[in-house]
Amino acid sequence: MPRYDDEVKRIEAKWQAYWDQHQTFHVDLAQTDSASTGKLYVLDMFPYPSGAGLHVGHPEGYTATDIVCRFGRMRGKRVLHPMGWDAFGLPAEDYAIKTGTHPAVTTAKNIETFKRQLKSLGFSYDWSREFATTDPEYYRWTQWIFLQLFDTWYDPGHVWTGPDGKSRTGKGRPIAELPIPADVTSQGTEAVRRYQDHHRLAYQHEAPVNWCPALGTVLANEEIVDGKSERGGHPVERVPLRQWLLRITAYGDRLAAELDDLNWPESIKSMQKNWIGRSEGAEVDFFVGTSAASAGGTTSPAAFEAWKSARAKTGFPQDPASDVIRVYTTRPDTLFGVTYMVLAPEHPAVERLTTLEQRAAVDSYRQQAATKSDLDRTDLAKGKSGVFTGGYAINPVNGEQVPIWIADYVLISYGTGAIMAVPAHDERDLEFATVFQIEVRPVVAPKDQPQHGTPGFFEHGVAVNSGPYTGLPTLEFKAKITGDLQASGLGRKAVNYRLRDWLFSRQRYWGEPFPLWHELDAAGQPTGLLRTDPEASLPVRLPEMANFKPTGTPDPMLSKAPDDWLYATAPDGTRLKRETNTMPQWAGSCWYYLRFADPKNSQQFLDPAIEKSWLPVDLYVGGAEHAVLHLLYSRFWHKVLFDRGHVSTVEPFQRLINQGMILGEVEFTGYVLGEAQGAKTDGSPRRWISVRDLTASVDEEGTATRIVEQTGEVALPVTLDVDAVEKKGDSFVLKEQPQIVVDSRAYKMSKSRGNVINPDVVVDQFGADSLRLYEMFMGPLEAVKPWSMKGVEGVARFLGRVWRMIIDEQHETEVKLNPAVQDVPATAEQLRVAHRTIKAVTRDVESTGFNTAISRMMEFVNEFLAQDVRPRAVIEPFVLLLSPFAPHIAEELWGVLGHSKTLAYESWPTYDEKYLVETEVEIPVQLNGKLRGKVTVPAGADQPAIEAAAKADATIAGQLAGKTIVKTVFVPGKMVNFVVK
RNA sequence: GCCGAAGUGGCGGAACCGGCAGACGCGCUGGAUUCAAAAUCCAGUGUCAGCAAUGACGUGUGGGUUCGAGUCCCACCUUCGGCACCA
């Protein structure tokens with residue numbers, strides 16, 4: 001009795017070994033194949049090989065791409081489907097700190113586990129392309145790309161046509177092509193080098209960074225959630241430090257605009273656009289004079305007039321001089337409503353503008369702001385705070401004196417770090433003005449009541465009280481005044497981004513070293529001048545280190561590296577010290593999709609011929625948690641490589657699908673009062689409380705709890721058995737006490753909740769095919785879905801039925817063909833079912849509707865299990881349809897059906913419409929749009945025939961009696977509807 | 001607060017262009033097989049009324065368009081994801 005459940009382990013091991021031995025999925029990209037119908041590059045977001053092993057979330061996307069690949073091969077496509085490891089990063093290093101195990105050892109071990117697990121699922125990767133981002137032969141080229149970034153400056157006005165034939169403005173160009181101003185050239189080569197360094201896409205910057213003492217590293221803004229580190233939830237401090245940044249903002253426009261042509265979910269595109277946050281407005285200079293503070297905080301009208309007429313001649317300077325405060329605004333139309341200005345506390349002009357009387361208050365406020373973490377700043381932002389500097393500026397449009405404040409609601413890192421405040425028409429300014437009782441002057445009115453300006457009106461409208469501009473609609477006003485300011489040298493059009501430059505250095509060990517040296521002076525101090533490692537000498541390997549304890553300071557780990565790694569003397573005698581920062585984890589994942597196409601190339605990062613024929617990635621599948629960062633960084637690098645002529649496409653990922661998260665099993669949670677955690681119970685009746693009477697709350701430790709709305713008493717959650725609850729109305733209640741409403745929901749899988757499903761366990765119990773099939777059957781790939789072990793049993797049962805449909809279970813020992821499978825012609829009805837299934841499954845796979853494709857196959861099996869004769873001519877195509885989903889059982893059945901080699905390259909079945917036509921069809925009959933009956937008529941029956949049949953039907957006739965048909969709606973082949981009175 | 005996605009049986013979900021709501025699976029009920037159980041097979045299963053034929057109601061809520069709305073339009077509610085002083 002060879003039952004499927006008894007055979008599954010043998011079958012899966014057998015076919016995994018077969019695919020390995022025959023290199024079934026190996027693809028040689030250099031080879032051309034005239035018979036192929038094109039290339040298909042399908043990529044999974046490669047995993048970080050954590051110590052916890054594979055999670056059931058991983059195989060979801062991996063199964064989807066595997067189906068697409070297997071389907072593609074059967075349709076004659078040449079398929080590139082690689083897998084590798086995103087292996088640099090914090091966890092391996094944290095483990096090293098704890099145990100002393102070298103991160104390379106931990107990483108290798110974890111990779112081994114992941115690989116074993118992935119192989120046990122039968123994915124059709126070309127494993128010969130495998131690599132990890134930690135391989136020196138890989139990070140050699142990561143460093144090489146960094147050198148490209150270092151060698152590039154962005155020329156925003158450059159108009160050019162790329163290899164894609166499209167014209168665009170703005171290009172990353174070699175630093176050698178950067179025009180050097182004459183006054184810089186005249187200062188000598190060192191000045192030129194510094195000028196170039198100032199314009200590179202990779203540059204150094206001293207800035208307050210997010211220093212996390214617990215992790216011993218500086219974090220990027222994106223790695224901080226609610227003021228705490230994303231990993232571990234540790235507090236973060238602001239500390240000034242020299243950092244490497246990548247000038248991603250230079251590409252802001254192109255990163256936003258070039259999303260349009262991509263086949264990505266609209267939600268991801270809009271998330272990226274929001275993240276980039278492009279805004280258009282104007283920069284305006286407010287005159288403060290040269291000695292504002294010493295002049296008692298005010299500036300003479302005469303000096304202002306002189307400045308203005310000078311500006312009319314010179315125009316608006318590129319960089320503001322110290323006699324002005326430059327602001328950025330998106331609403332230059334509200335210039336007549338300005339009643340104060342605000343500088344960020346860190347703004348360099350604060351020092352100069354602060355009067356003697358205000359100095360103490362300003363200094364103390366600045367100190368507070370500097371030490372505050374972002375969290376504190378957000379917390380305190382619930383009310384606005386700020387201090388008057390004592391200084392004044394002059395409003396360029398009306399010559400008014402405007403008081404200058406500092407406040408931390410203005411950020412130094414956005415725009416110019418200074419704003420003109422218009423409390424009447426900006427919510428934040430209004431809040432601030434209310435706290436400090438500053439004048440609110442309305443200058444915009446709603447279109448429908450244009451007489452008076454309306455304070456608190458934040459939308460577009462019509463200008464009032466705005467001198468010569470009064471009466472203009474907002475948009476016209478903006479355009480006009482921006483032009484006028486430009487003409488008089490007082491302002492200009494400006495664009496800003498919410499996106500900041502990318503903080504690219506980390507102070508950890510387990511990352512790519514920078515291929516850079518700092519020149520040292522005679523005293524051994526850095527001069528600020530840099531040298532690069534020659535390309536031929538890459539990779540710069542990580543030095544061996546004795547211990548991995550963090551330095552305890554923001555100094556990088558590598559500053560403790562051995563001297564022979566740290567120091568060198570250049571041929572010209574200059575002493576050099578290595579850059580000791582390492583690159584962030586994002587670096588390795590920014591370009592791995594390129595290397596997969598040519599992973600062994602020791603001459604180039606990627607062969608241009610292969611790049612041209614195999615890029616871009618046609619389908620990229622991964623979790624939505626990478627919707628912004630990874631995908632934005634990758635696109636940025638790709639565009640730089642494009643500008644520098646190393647790749648021929650502007651975008652790396654043509655099509656993107658985000659798989660939805662898999663949650664744990666649905667849980668029912670009731671709440672009780674008067675019990676402590678884990679203290680139950682003496683058998684006394686529990687004091688159940690309905691969730692309707694509870695409200696969510698967060699305690700001091702940040703843990704979410706439920707409390708009684710009226711009394712504030714904390715309710716203890718109790719997990720309930722399914723049998724203890726029932727549905728009542730819209731909610732679930734206790735069976736015993738139906739007035740007690742309970743929670744019913746699925747939670748994110750987590751160790752602490754204990755609802756994690758281990759794929760190894762599922763494979764062991766049901767087999768890889770069942771796991772794959774279940775994950776695809778759960779629902780749409782993109783949806784968030786709860787796990788259900790019963791559901792896995794369901795698909796395992798289906799595979800058992802497939803097995804019995806084709807295999808003779810009566811036979812004692814041998815896996816033999818079921819005698820019902822015969823070489824006889826299929827009946828018309830059997831052909832109809834088969835071709836209907838082929839049509840539906842094909843369409844569903846093409847549209848990634850895997851759940852419905854599986855439903856169709858289930859219908860096929862339900863149909864054919866009931867038949868005593870199962871013609872081979874319909875059974876074989878079915879096995880092929882099933883094979884991308886459940887490849888092991890399909891290969892086995894294919895063998896039993898008499899084939900000697902893998903079905904991986906068999907032609908995908910095709911259907912013929914002629915088998916799909918039915919002889920009779922059932923037509924629904926409606927009366928006034930309501931279904932009243934059905935009539936069966938020959939296929940292709942015309943309207944009169946169907947109407948006659950409908951009227952002849954007993955129930956319809958009864959309903960029609962005594963009524964008049966006013967109208968008949970007829971949809972051929974679909975339905976007929978009588979409108980009656 | 002802003003941006004995005006989604007609300008359909010007891011549960012996961014299906015329904016292509018506005019045309020039979022609930023495919024397929026889970027669960028549940030009854031039956032067959034069995035000494036018994038597992039496994040398997042058969043039948044039923046949106047709610048209410050009815051012995052039944054059948055009827056009424058039914059896709060988050062309220063309105064609208066239409067012969068006909070889960071699907072289109074307007075307003076709102078809830079859940080999830082993202083952003084959050086970006087001037």
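In what follows, chains carry the letters A, B, and so on, assigned in the order in which the sequence lines appear, proteins first and then strands, with residues in each chain numbered from 1.
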Does any donor atom in the side chain of T249(A) or D501(A) lie under 3.5 Å from an acceptor atom in the other side chain?
yes

Answer yes if the side chains of R801(A) and N862(A) hold a donor-acceptor pair under 3.5 Å, and no otherwise.
yes

Let me know, please, whether T330(A) or P924(A) comes out on the 5' side of the other along RNA chain B by nearest nucleotide.
P924(A)

Per T852(A) side chain, nearest of listed nucleotides rG12(B), rC20(B), rA15(B):
rA15(B)

Counting any heavy atom closer than 4.0 Å, what does G794(A) reach on the DNA or RNA strands: base, sugar-phosphate only, or nothing?
sugar-phosphate

Note: for R843(A) and S855(A) on RNA chain B, the residue whose nearest nucleotide lies more 5' is R843(A)

Closest nucleotide among rU54(B), rC57(B), rG13(B) to the K785(A) side chain:
rG13(B)

Grab the CG-C1' distance between D426(A) and rC85(B) for me, whole Å please.
9 Å

Under a 3.5 Å cut-off for both contacts, is rG50(B) paired Watson-Crick or G-U wobble with anything, and if yes, with which nucleotide?
none

Taking a pair as Watson-Crick or G-U wobble with both distances under 3.5 Å, which nucleotide is matched to rG7(B)?
rC77(B)

What is the nucleic acid contact for M975(A), judged by heavy atoms within less than 4.0 Å: base, sugar-phosphate only, or nothing?
base

If I pick the P atom on rC16(B) and the same atom on rA36(B), what distance separates them, to the nearest angstrom?
48 Å

Can you figure out which of rA87(B), rA39(B), rG19(B) approaches the side chain of V971(A) most closely?
rG19(B)

Rounded to whole angstroms, how far apart are NZ on K930(A) and C1' on rA69(B)?
14 Å

Cut-off 3.5 Å, side chains only: do T955(A) and D953(A) have a donor facing an acceptor?
yes

Is any N or O donor-acceptor pair between the side chain of K974(A) and the base of rC20(B) shorter than 3.5 Å?
no

Contact class for N862(A) vs. all strands (heavy atom < 4.0 Å): base, sugar-phosphate, or nothing?
sugar-phosphate

Can you figure out which of rA14(B), rU54(B), rG27(B) approaches the side chain of P780(A) most closely?
rA14(B)

Between F432(A) and Y340(A), does the ring centroid distance fall short of 6.0 Å?
yes

How are the rings of F457(A) and H425(A) set to each other: parallel, tilted or perpendicular (split at 30° and 60°)?
perpendicular

Do the side-chain N and O atoms of Y328(A) and S279(A) include a donor-acceptor pair separated by under 3.5 angstrom?
yes

Of the candidate nucleotides rC26(B), rA87(B), rC11(B), which contains the atom at the shortest distance from the side chain of R797(A)?
rC26(B)

Please name the nucleotide paired to rA14(B) by Watson-Crick or G-U wobble geometry with both distances under 3.5 Å, or report none.
none

Should rG68(B) form a Watson-Crick or G-U wobble pair with both distances under 3.5 Å, which nucleotide is its partner?
none

With rounding to the closest Å, how many angstrom separate the P atoms on rA49(B) and rC73(B)?
38 Å

Within the structure shown, what part of the strands sits under 4.0 Å from S279(A) by heavy-atom distance: base, sugar-phosphate, or nothing?
sugar-phosphate

Side-chain contact check for F732(A): nearest option of rC11(B), rA14(B), rC80(B) is rC11(B)

Under 4.0 Å, heavy atoms only, any strand: does V969(A) hit a base, just the sugar-phosphate, or nothing?
base

Please determine whether any donor N or O and acceptor N or O are separated by less than 3.5 Å between the side chain of K934(A) and the base of rC20(B).
yes

I want to check one thing: is the phosphate of rA84(B), taken as OP1 and OP2, less than 4.0 Å away from some side-chain N or O of R498(A)?
yes

side-chain hydrogen bond (donor to acceptor under 3.5 Å, both in side chains) assessment of Q867(A) paired with E863(A):
CA-CA 7 Å; Q867(A) 313 235 347; E863(A) 195 88 27; 4.6 Å; no

Pick base, sugar-phosphate or nothing for R801(A), based on heavy-atom distances below 4.0 Å to the nucleic acid.
sugar-phosphate

Given that both distances must come in under 3.5 Å, which nucleotide forms a Watson-Crick or G-U wobble pair with rC28(B)?
rG44(B)

Rounded to the Å, how far apart are E665(A) CD and rG27(B) P?
12 Å

Indicate whether any N or O donor in one side chain lies under 3.5 Å from an N or O acceptor in the other, for S788(A) and Y774(A).
no

Take the protein atom CD1 of I662(A) and the nucleotide atom C1' of rG81(B), then report the distance between them rounded to whole Å.
17 Å

May I ask which nucleotide in the shown strands pairs with rC83(B), Watson-Crick or G-U wobble, both distances under 3.5 Å?
rG1(B)

Does E859(A) reach a base, just sugar-phosphate, or nothing at all? Heavy atoms under 4.0 Å.
sugar-phosphate

For RNA chain B, determine which residues of residues 266-274 of chain A have any heavy atom closer than 4.0 angstrom to one of its atoms, and list them numerically.
S267(A), S270(A), M271(A), N274(A)

Selected nucleotide, minimal atom distance to L931(A) side chain, candidates rA87(B), rG25(B), rA21(B)
rA21(B)

